[in-house]
Every structure is written in structure tokens, then in C-alpha cells.
2 protein chains.
Amino acid sequence: MPPPDPAELFELNENGEIPPLNQHVPFTAQYVDGASIDWLREEAAERERSNALRAQYGVRGLLLPWFDAARMWLVVILIGIGIGLTGGWLDVLVKWLGDLREGRCLHGFSYNQVTCCSGIKSGEQCDDWMTWGEFLGVRFVLAQALLHSFVYVSLAVVFAGSAAVLVKTYAPYAFHTGIPEIKAILGGYVLKAFLSPWTLLIKALGLALAVASGLSLGKEGPLVHVACCMAYLLSRFFAQFRNSEAQQRKLLAAAAAAGVSVAFGSPLGGVLFGLEELDTFANESEVMWRGFVASAVAAVSLQWVNPFGTSKLVLFQVTSGADTWRAFELIPWLTLGVIGGVLGSLLIKLNVEIALYRRNSVLNEWPILEVVGVSAITAAISYLVVFSRVQTSELVANLFQECDSTKIDYHGLCNSTAMWENVFLLLLTAALKFFLTAWTFGMMIPAGIFLPTIAIGACLGRAVGLLTQGLHRAYPTAWIFLSCPPDPSVRCVSPGFYAVIGASAMLGGVTRMTISLVVILFELTGALSHVLPIMISVMASKWVGDAIGKDGGIYAVWIAMRGYPWLPPADFQDKGDTGAQLMRPADRLVVIEDERETVADLDGLLKEHDFHGFPVVRRQQYLGFVTRDRLRSALDSLLSDDSERTKRCVFSSRGRSSITEEQIDFSGLLEEAVLQLRQEVPKELVVNMFQKMNVRQIMFTTGGKLVGMVTKSDVVSLLTCNFPHTAALGGGVQQRSWG
Amino acid sequence: MPPPDPAELFELNENGEIPPLNQHVPFTAQYVDGASIDWLREEAAERERSNALRAQYGVRGLLLPWFDAARMWLVVILIGIGIGLTGGWLDVLVKWLGDLREGRCLHGFSYNQVTCCSGIKSGEQCDDWMTWGEFLGVRFVLAQALLHSFVYVSLAVVFAGSAAVLVKTYAPYAFHTGIPEIKAILGGYVLKAFLSPWTLLIKALGLALAVASGLSLGKEGPLVHVACCMAYLLSRFFAQFRNSEAQQRKLLAAAAAAGVSVAFGSPLGGVLFGLEELDTFANESEVMWRGFVASAVAAVSLQWVNPFGTSKLVLFQVTSGADTWRAFELIPWLTLGVIGGVLGSLLIKLNVEIALYRRNSVLNEWPILEVVGVSAITAAISYLVVFSRVQTSELVANLFQECDSTKIDYHGLCNSTAMWENVFLLLLTAALKFFLTAWTFGMMIPAGIFLPTIAIGACLGRAVGLLTQGLHRAYPTAWIFLSCPPDPSVRCVSPGFYAVIGASAMLGGVTRMTISLVVILFELTGALSHVLPIMISVMASKWVGDAIGKDGGIYAVWIAMRGYPWLPPADFQDKGDTGAQLMRPADRLVVIEDERETVADLDGLLKEHDFHGFPVVRRQQYLGFVTRDRLRSALDSLLSDDSERTKRCVFSSRGRSSITEEQIDFSGLLEEAVLQLRQEVPKELVVNMFQKMNVRQIMFTTGGKLVGMVTKSDVVSLLTCNFPHTAALGGGVQQRSWG
């Protein structure tokens, strides 16, 4: 049985070599929502474009690439400025709307409490700002209280309700945090409606209303979404981005970094968020670089707007006087880490259950009513529990503060005789926020989960801090407190910092982020000297969280529930399996047989199957892979001509000479960059290849024979198979078979 | 010309399928120094090991994997503790040796100045510490000065000389920074001598001596090397690491992070250094996680040793009172960024020239004499220029300090009437350090480049800061200073912070790091509120540096000069080339023809060629790839038997039935994980594949026919081809053809 001579397969050229394929025809694919982009082809197109620019004669060949880069940096800088200004403006709007729930300014309706009283010297009473009771002249205390609570609750309902109406009517994609979708989009998913100008407008407006309504939600995730919408809008004005989905995504990654930078006042955290959570920069250092610039520019713009009047980026300044900490404090901190890990996992599980219940119950048809109801309940409960009456960010800022005789005591939190009451109140607030957050995150309203998680953690942390402080006060000479200063008037335990630790631990449990979380937290609090305890608590909480629920954090869970084709970066470990177990075997694949199918046959094939592409074989020998889009566009030009319809398509023709009259040369349609592996390759390596190389399919061949194929969707379903609710919330997102 | 039937190639089993290959035989390769490890095979071995553990019956199957993980974490934590303690101990040693150059303690010889005077209240004179003049009873001022300078210079020479003797005699690999080698090793290069216990001991001791000698060098890079040596030593005690080069490298990555953490007191910076500069964590989040833990543990240990008596990790506390900065300051800061980029590139170029000169001149034979000479010159000059007389770290700490009436004026730096003198002195110091550093980095002595670079940058930055401050003092009402507070007694420009910016810019220019550099710098200085200016200056300097010299930083340059097989992570952009241009064509490859070669033939082949492996073909059809090591071990067992020697080796046998008496089945020797690509694939993608997938070779096939092969060394030489001095310093490192 002699092996075949390659010359039988391919016409050799005069040198006895196999001639190269026909020149590759540039082809820009048009993607519809629900598709996945082909990274390798996009990059090939970008490469051709940039080579074409450099190939221009003379000065043009030097200047055009330079203009190209300059345009790109211009867009990056514009995105940074845009999101910085938007973030600042949203903060001002939220402050005004929030203050409106308590009273109004006499100068004019458009002032918030701080600007209204800005002319007043400290110590003096600010007469220009009146609560609603004062403004309407209600004198009786009871009537005042009733009026205040009524205005408080009803404005909350109005704000939240109008946000929901806006979202429902104009931009359904503007609900929720947006980060799961952005992760999917950056991975190659196509969802243009998610980035439309309408979504931008509604998300920004709705976000301000939602935050002002006092619902248990944050602005962080939605701000990232807003930043991405902006980047998408800007990218439409430049052909180099408009025509390349890959280039757009690189811009979006930079925008997301800028969004985080503005949301937390954390430029470095933004870059690291892009690096760790969005997992995009790992591919190209150039992309990280853009994120770095966008992030810095956004932070400068935000600082220029100066929404809080502090000229600082640090939102929740920690004022812990002592820069040192004691070894015994590792015990409460590790405890907080464990609690954070457990509660974080629980929060995710509860949130999933509620999302499934919402989807499958009558609530699915009344999203606005749900928002109204929850906001009313939230407002009513919050008004009763003193700590949660103010905006969440204010609560967090106060919990992070140390008690200090020069400062105003925040609701008796510094009253050392009322320790148990404070602990009870803090735990109650945490429990309330826990359930409200689990419900709110997923309603038809823009909602981030960062701030509420921080608030829950801060309450728990402060409670643990108060208990530790109480223990120290009760037994100042116990051996465990030996490292404390002997003078009891010097503070040894700083409960405010325990709140920071609690917040870190809780965030670690919910998001399972590590480094970016630590950076964000100390950029947020300015507590650089405490970076070690923050690291340790994040570590502990991630360990515990991962041990309890192998879900990869709240965003991964939502991506799985929505069924986006996103590859988790998680390390996959096989049990000795090989690619052969993962691949779809060749006999179950729809393949194109070389020289057999006519143009009309292929047209029929495309109509019958909606696969992304088809392997081309010649008597089982693998020749190449042709994508649906490219085949479609080649066929379309031929189908109108009847003489062409019956021609047989030849993919293996390497020189035109071998083409007969009844044949047509399709060899230029084959994809350049399709990987081939042996089927004995470990499954782990196959998964790894998809995670790192952004490929859409891998072919398996044995001695040249096609034995199977693995597509990205096979790998996604392999990696999400142990999550029980995969694609449980598929609704709204158009699904397409893209394998 | 009918295409071949696969059944002609392979014996089909009863189901008509190609049966799977024979069970893969686990095979642990032994690597010699100079080789490159095979990541894919190492990972396959690790997978098999962990699957074997989990496949144990009952409780053992649960406990063994757990013990495995526990051992790994134990080692990580031990490494952290070890390097934390070592770092602290080195600091104490350096302080003592450094102080010895100025005087001695009356209590005992082993006290340094601070511990000697620790009992003294502030304000009182410390009588227990005596300068050498006082101690020896020299009264005349001139004689005292002569004595001091003599002791100063001669002790410097003694310290540096003994360090050089130690390195030259006992551990030649202990010279230089070590980071280029670590980058290469983490990438897969094998260099066991570099990590030996002797190297550990000599590097640590020599480092202390070298730093104390006052040479223009830092301890940062060498500390990373010490950490890696420790990790390697520890890993030898555990079979799971001893037998796996890949597992060892994952530990080394964690150790390197811990090393940076200790060197800069920057736990987060350590993790990010691993992420960005060592480029190892991108592959597996688990590795990053270990780096995170090791880094945190190391920082805690260092804080426990508390070498500086401050209980702080922040080494160079910045005391800039104002947390805000003004827009006009962007002008001097960007200027500093540009200067940093230019000088950084120049420093690299000068350092390369000096290294080449050293290699090719008489200096090559007298390394110890060179060290002695340079240390004498350095000490003599440093003694004259007041700023450089103290240890570099002290100089930097003082340059970062703001002028403050409560503090001691450091050598008149705060004397505002002597601005021009100060600027001149600072520029002189910077210039001196510039040339000394360019010479010192590469001598036969442990030497890091971080601290001297920081010192150069800090001098320049402080000078620019003084000039800006002078300008503000001269024209306080100019429009550019409008944003300054009107009261001239309030400080508007903080020259100390300009020093930080200068240091960032210089470091950016020399190392071309970005995020990790920013994090290290503000963990180093505690200047969190100034993260934005630091980011901007690092950005500017990296841009300028990359524009001037496309070298990728000092470490990449040294890797290239030493010719290590390390793939730069740089984005490679082809000009429309394909894999066909990069590959070695099939007719120039040494291939094994299936069923033709006898055992003795293959033995001869192995003796004739020292390639890492050979493609196996069957009449040009590609069958697989067999590595030299595996073939060698298979042949060795057969060669002794004369009847086996003449058997023909069959690689394509899929069922044993087809093997005749005169044949021997070698199909189990084929590598599982060898990539195949079409030759039309863009060159960029081929390079990318090597960078991301850690493969050693890629095969190119067309319709099953082997057309060429690309190895890692081809890609390395492609990426380093525009650096003129590739492998110019090959000496000492054993080179082996590993393609």
C-alpha cells in the first residue's frame, strides 16, 4: 500500500514545488447581533490595511500611518475626556436629585444642598436650604415627619419608576450593570444594540435616577457601560474603526478602563480591571497602553469637574491615624475574609435564584411594577433604619471614618457606651442591604453591584471592628493585646479600617477579583499603608468563595445565565482526555467535497445549514476551511449566471492551468489561519488554545485526513457545563448557531 | 489522479475508524544547562501526575491531591518568609557596613549608628558613636579629613573587591542583576548553575558588600535573584517540583514577585512586576495567585524584621503637604518625562557600549581589578560631591522630602537663596551617577539598576522642581501661576514631588515598564494622591524611549546580548509576509522516513544531528514529530540487542497487527501536541502562537504534506534581528542548538 504522491493532489509548478495559493482577497465580514467575530480574519484585514497605508509612495507612505495612529490616540483621549466629564456631571445630577428628596434651596430649584449653602461660613446655620417641612410651613413635628417620609418614599418611587420606564421603552439593553455583556463583547460577541447612542443616553439618565432613588445599587458597572457606548459612538466617525470589529473592541477595552477609572476615582484600578476582569489586555500590550492613557485622561477630566468639591480623586478618605497595625488584628481580618467569601457566594446564589424566579414568574411581564414596588419597599425600610437613609456612598464614607473628637459623631457610631446597639444596627443594615441588593441587581433598571457590596462589607467590618475595640477596652491587659500601646487613651483598634477590610472581603467574595480589587480599594480609600491587610482579606475571601461556589464571580454567572459565547479564562484541567473526546467527528460534520459540488449545490448547502463555515476535503484529505460569509459573497456574484451555476467548485487548484471549462477556482476562499492538531492532543491544550489564540475552530487531522473539528461553542459549553442555569435567561438576546 | 484512500495509510479497526495511538508513555526529560524546556510536554507530565493522584482509591484519592496542593502552598509561604527575612537581614548588614565607613560604636563593633545611639533622647549628643578620627584621637582638622576620606575610600575598595573575589571564585553567575536570566529561565531556558545554593549565598553576601561599598548600584534586581535561588533550593526538597521544570518555574515566578515585594516594600508592585515584566502570570491565573500570596507573606515578614525601625513598608515617604497639583505643573512634568525617555535610552546605549568594550578589551581578563578601580574612583568622586557621599537610598529619601521648617535642612537643599548652586550640584550628581551606573551595571559584582536610576531621576526632578519654584517666586503674579494660592508663604510648587516624577520618568526610560512601575513608585513613596502625574510622566518617558531606541528596555537588551532564547512579548507586525517566508522548507529539514530507517540508522541520525527533534513523514505525508530525548531513550534499550538493530522503525502503525517481525513499533514516541498550520498563515500569527502557547515548533502542511517547520529559535532570531549586538556576550553561557 504505497502512500500517495503529493503531486497527485496538487499540480506542481516548474520548480517542483506546490505553488502558493491565489492571492488572498480582502474581505470584510458583516456581522449581525448574536454572531461572534472572527478575530484572526479581523486581524488579517487590519494588517492588510496598515500595510496598504505604509506601501504608499513617498511622503504619503510616511504620513498616512502617522495620521492613522494620531486618529486612534485622538479617539482614546476623547473617550477619556468624555467619560470623565460624564462621570462628573452624573455625580452632580445624582447629588441634586438625592437632596431633592429632603428639601430644596431657596435661591433656586437647581441648587443642591452643598452649593446652596456654599456661601455660609462653617458654624453658621444655613438658612437657604429648607427641608420640605420647613418650606411648606408644616409646624407639627409629627406632620413634618410624615411629610418627610412621604416625600422621601414617593420621590424614590418616581425616580426609580421613570428610570424603569425609560429603560423599558427606549433602550432595553440599558438595564443591569452591563459588565457581563461588555466582557462578552470584548471576547468577540456582536451586540450592536447594546452600544447604541440611545442606550448611552438612557443608561446615563436612568443611572442618575436609579442612584438618586436610593435603591440598593451602585453606579460603577453602568458607568463602564456608558463609557463603552461613548467609545462605540466615537468610533463610528472614523473609518478605521467603523470597518473593523476588532479595532472597535480594542477601543472599547480602553473605554472600559476609563469607565472604572471614573467610577472609583481609580486610574490605575481601571487599567488593572481591564487586565484582570476583562482579560483583554493580555493579548496585546498596545491595548493595555491605550487603557492606561484613557484611564489617566478620564481621571484628570473628572478631577477638573471636581464634583465633590474636594479636588481629590480619593472618594472615601480613610483617616486612620495610625499607620501601623498589630499581628493580633489578623484574626478578625481573616475572619472578615472568610465571612466575605461565604456571604459573597450566598449573594451570588440568591441573586441567581431571584433572577430565575423573576424570569419564570408573573414578574417577567411587569418589570416596571417590580421596580416601583421594590423602590417603595427599599425607601420605606431605609427611612426607618437610620444608617441606610442617606445615600449609600455617604454611608460608606462615614463607616470608613475613624472616630475623632473633632468630627461630628455619625448617628452615635462613636458612642463607645452604645457598642451593642451600634453592632446590632450595623448587622441589621448589612442584612437589609444584602437582600435588597440580591433582588435589585437584575431589575429593569441600570444597577451596579460594587457600591452595595462595599456597603454590606463595610457594615460587617465596622461591627467586627467595634467588637474588637470593645474587647480591647474590656481586657486591655490580656496577652493578645500586649502589642497595643499601654496608654488606654491611645487608639489601638481602628474600627473604620475594619470597615475597609470588610468591604474588600465582601467584594472579593462577590466579584472574585484580586489585584485590581486591591488597587481599586486603596485608590478609593487612600489607605496605602494598609495594602497588606487588604490583600490578605481579599485573598482569604476569594479562597473561601471559590471553595464554596465554583462560579467565578457574579459577572461570570450572569454571562452563563445569558448564554453569551464567552470563554472563561479559568484554568481548565482535563482528566486525561484528549481532543478526540471533545471534537465533533468528521462523519458528523457537514463538509464540502472538492471538485464535486456545483455552485448551485453550495448555494443549497448554505441554505440548508447555518453553520459559520465548512471544512473542505478531497476524499477525506483535509484541504482547508471556508467561512459561510466568504462563500456566500462568492456565490452571490455567480448565481445569476446560469452557465456558472453548474460549474464544479475547485478548492485545491494551485495553478489556474488545471481548471477546466466546467470548473471554477475557489481556492482563494480558503481561510489562511486555521489551526490543525492531532486528535491525541490533551483536551486542556485545546481549551488553552481557544482561550489564548482567539480562534473560532480547530481542525483535527491524522496524516492529512480530517478526523474532526472543535468550535468555540463546544469549548464554551464544556467550560460552563457545571453551572446549572446556563442560558437560563436567554430572552432578549438573539441566539444564533455560530459553531 | 485519484486522491489516496486513508485506509492505505492506516490500518482501520473493526468499526472502520483509525484506531487511537498506542497509550502515551510518560517520559520525563532531563535537561542540561543551555537547553530550553518543552512546556507542552512538561504540562502533559504534570497532568498525568495529578490525574494519577486523583485516580487513587478511596480516601487516598481525596487526600493525596489535597496534600499536593498543601505542599505547594507551604513552599510558597516558606519562600515568602525566607525572602522577607533575608531582605530585612541584608538591610541591617548593609547599614552596619555602610556606617563602618564613617566610624564605630563604643559599646561594640557590631552596632550600627542608629542602634548605637538608640538609648539617647532626641536633641542630646550621641557620645557612643565616634567617627574614626575621634576614635583614633586625631585632633587636627586636616588630618581628620584625610583619615576620613582614606577610610571611606579604602573600605569601599575592600568591600567591592571582596565581593568581586567571592563572585569570581565561587559563583560566576552571582554577578549583575540577574533579572535578564530570570526572564529567560521563566520563559523555559535551563540554567541550573544560576540558581544553585552557592549562587544564593554569594549573591546575598556580595550584594551586601557591593551596596555598602557605595558603588552606583542597587539591591533590587539581585534580591529577586536571591529569592529565585531560595525557591529553587526549597523546591529540591519536594518531588513534585524536583521532577518538573514547569512546576519549578511557576514557583520561581512567585519567588520573583516576592523578591520585588521585599526590594521595594511593595507587595502589589511585586505581583504586577511578575505580570508585566516577567510575563509569566498571563499564562495561568493560578501562578499569579501564588505570586500574590508569596508577595504578601514576604512583605509581612519584612515588616516584622523592621530593618529601618519605622514599622512601615514605605521606604521613601513623600511628605508633600498639598494633595492637589496644578495644571501648569504638567509642563515641567512632561518635560521630565521626555528627559527621562531620552536619558534612559542613552543610558541603555552607553551601558551596551561599555559591556561590549569590557568584553573585547583587556578588562575581560581582569574583572576584579576593574571592580577595585571603579570602586576607588566612585568612592573618591562621591566623597567630593556632597550629595553622593551618603548611601544612594539616603540621598533619594532626602530628595523626595519637602522642605519644612521643622526638619533639618539637607546640605542646604532648602536654602532658597542658593537655588542655582543647588541646581548645579544636583545636575552634577545626576551626571556623575549616570556615567558611573552605565559602567557599574555589568561588572563582576551583584548590581541592580533600579536605585541608581531612581537617584539620577530624583536629582534631575528636584533640579526642575527648584527651577519651577524659583520661577514662581520670581513671578508670583504671572498668568501661568494664577492657580497658585495668592499667599506667597503657602507652598505652590513641591520640589520633592518633582523628584518623584523625575525618578518615575527615568525608570520608565530605562526599564520601559508601565503599570508595575507606577504601582512600585507609589508604594515606595506613599504618594497615592499623585498617582496621575506619575502615570503621565511614565507614559511620556516610555513613548519617547520607545521612539528613540526600539530595544524594549535594559533587561531585553541584556537578554539579547547574552543570546538567551527568550521571546520578547512585543507586538510583532509583519509586512504581509506569511509563514512560508519564516519556515525552514521541508527539503532542508532532517526528517525520518517511516518504515525505512532501522534502529541503527536512527542512532546514526541522532549522532550526526543535534536537533531537538525530527519530523516523521511517509512519502512526504506528515505523520508526527519525535523529540531527540524520547527517541534516544527508546533506542538505548534496543541498541544492545543485535537482532533489534536491523529492525525498521514504524511510526504509522495504528494497530499492532500490521507490524512484521522485521519492524518495531515506534508510534508511541510521537509527540501529542504539535501544531500544524497552513503555510499561507500570516507571519504575525505564527509569532503570536509562539509567544502565547509556549510551543517549541510548528509544522506547516499542505493537504497533509509536510512543507516546512518553524522553531522557537527561528522566531527569537526574527524578533531580535534589528538589535545589532545579539549574542555579543555569549561567553560563559553554554549555547546549544535547540531548534
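- Put simply, CG on B/D546 and CH2 on A/W289 are 8.0 Å apart, with the number rounded to the nearest 0.5 Å.
- Closest non-hydrogen pair, B/M535 versus A/P267, comes out as SD-CB, 3.7 Å.
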Check: What do the steps show when you test A/K705 against B/Q621 for side-chain contact (heavy atoms from CB on, under 4.5 Å), and what is the final call?
Finding: CA-CA 10 Å; A/K705 176 180 180 286; B/Q621 290 292 112; over 6 Å; no
Practice problem: Take B/L330 and A/V300, measure what side-chain contact (heavy atoms from CB on, under 4.5 Å) needs, and give me the verdict at the end. | Solution: CA-CA 11 Å; B/L330 283 175; A/V300 172; 5.5 Å; no
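- Side-chain contact check for A/M539 versus B/V293: some heavy-atom pair is nearer than 4.5 Å.
- Inter-residue side-chain proximity for A/L272 and B/L272 is flagged as met; some heavy-atom pair is nearer than 4.5 Å.
- Chain B forms more heavy-atom pairs under 4.5 Å with one residue of A/V519, A/L685, A/L268, A/V297 than with any other, namely A/L268.
- Residues passing the side chain to side chain contact (heavy atoms under 4.5 Å, CB included) test with B/Q581, sequence neighbours excluded: B/D577, B/T578, B/K683.
- Side chain of A/R678 to main chain of B/L623: a donor-acceptor pair is present (N/O by atom type, distance under 3.5 Å, no hydrogens or angles).
- Contact of A/I515 with chain B is made through backbone and side chain together, with heavy-atom distances under 4.5 Å.
- Of the two parts of B/M699, neither the backbone nor the side chain holds a non-hydrogen atom closer than 4.5 Å to a non-hydrogen atom of chain A.
- In this structure B/S301 satisfies the side chain to side chain donor-acceptor pair (under 3.5 Å) test with no other residue, sequence neighbours excluded.
- When side chains are defined from C-beta on, B/V681 does not count as touching A/L675, because their heavy atoms never get closer than 4.5 Å.
- Annotation: side chain of A/T701 is in contact with side chain of B/Q676 (closest heavy-atom distance under 4.5 Å).
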